[in-house]
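Read through the structure below, which is laid out as structure tokens, and then see the notes.
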Amino acid sequence: MDWDAIGDAAVSALAEYLRIDTTNPPGNEARGAEFLGSLLRGEGISFQLLETAPGRSSLLARLRGSGEEKPLVLLNHIDVVPASPDNWSFHPFSGEIADGFVWGRGALDMKGMGIMELYAFMALAREGVPLRRDVVFLAVADEEAGGYFGVKALLEGQLGGLDAGVVINEGGYATTDLVPGRPFFMIASAEKYGYWLRLLRHGVGGHGSMPTGQGALERMVPALARLLEKRRPMHINPTMLAFFSRLAEHWDILAPFRESGDPVALMRIIEDNNLAALPALGAVLRDTVSLNMLNAGVKINVIPDRAEAFLDCRLLPETEGEEFLSYIKDALADPEMEVDVFMDMERAPASPHTGPLFDAIAETVGRVYPEAVVSPFMLSGLSDSRFFRARGVPCYGIIPARLGLADLARIHGVDERIAVQDIKEGTRFLFELVVAICGA
Ligand SMILES: [Zn+2]
């Protein structure tokens, strides 16, 4: 395998892919799908374009295996979040290659990974690697707006018979800040789920010069204050326990837990050192509530008779929605508050972080990146993996890019970029990973 040549081709393909504006909304993923299709066509590989709405296409290509085991899906999304060129070093849709990076919206999230998956897939085809499972390359629309024109629609429709055995997707990455000098590969084997609530409180309207204490906002605000003052109990689930066990091998602060392996000792360390105050860590240790929208009032001298609040709640995979809802109602302590679940995202069980699939990932990481540490992780955000996990398909999220904490702000932020080196090594990593999981 000429990995240098494959890597160079992947880098220039990514630059070109980034120039196709697939900002969602509206998405226009069809243009991205056609570009990926043109690369497959160049290799003589056939593919299907799957349209869920005008302009909203996904692409599927398949390498046939012996069928001994269910297919592996290399999943990626074509759409990106909006980017305004202000403050960017290069225009976000210019696909600039400079300073050892490919720059542009989607470089990390997740056109870069899509290209790595595609070049690994095409290399498998070219080599004619014998496979015991089909390998499916699946580039989808609409991940950034919930997957309703992408994975969700496809699994409920055109891809209802896909019958995947394992999915490789985004979700994790290799952080360079957790253990000095060693990339820490966080493999997302679980994720929290969104549980979005709408609160509505009616009250007595009137003239602002004569407050009654019964206005809608006057009732809404204290109830919200009661809720926001509370925290859900900390719960370290098996995924995060495994994560902390790996971290404990390198962090002296975790020594008492390293020695005992006792989750109670771990919780004490987290509390004593206020580690849950770090938003990224706090988010994976408990259910969270974020008050993000409040609508009420039309004029400064009019008491509103109606107030509405929206809560972005993110629940651990172990939390039951109904139990959480009664917690919310108790915490609000206002029987006249209407509480509606207006979006219950797919709650999905964690994928196993022990066993042959996870071991294959860990071994492949170790082979391609000898200095790496590998750990399972739970994502606090959402990915398309939830639709597969809810159907019982194990999913693993890993973008093989080495990122410092400061780089994370580039995802959905300014100056998103991916290292040329990461694309080259990542393509080889994904190739080796597919061989490890699917090779005959
Ligand atoms: Zn993404």
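Every number for a ligand or one of its atoms is a count from 1 in the order of the listing. In this chain, numbering begins with 1 at the start of the sequence shown.
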Open item on the list: Just verifying a value: how many Å separate Phe185 CZ and Phe429 CZ, rounded to the nearest 0.5 Å?
Closed with: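 Going from CZ on Phe185 over to CZ on Phe429, the span is 6.5 Å.
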
- [ ] Quick one: name the protein N/O/S atoms under 2.8 Å from the Zn ion (ligand 1), chain by chain.
- [x]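 Only His77 NE2, Asp109 OD1, Glu170 OE1, Glu170 OE2 fall inside 2.8 Å of the Zn ion (ligand 1).
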
Checking side-chain polar atoms at under 3.5 Å, does [X] have a donor or acceptor matched by the opposite partner on [Y]?
X	Y	value
Asn28	Thr22	no
Ser58	Glu29	no
Ser351	Arg389	yes
Asn76	Glu117	yes

Open item on the list: Checking Asn292 against Phe310 for the side chain to side chain contact (heavy atoms under 4.5 Å, CB included) test, could you report, in this order, the C-alpha distance in whole Å, the side-chain angles of both residues, the deciding distance, and whether it holds?
Closed with: CA-CA 6 Å; Asn292 294 348; Phe310 289 89; 5.9 Å; no

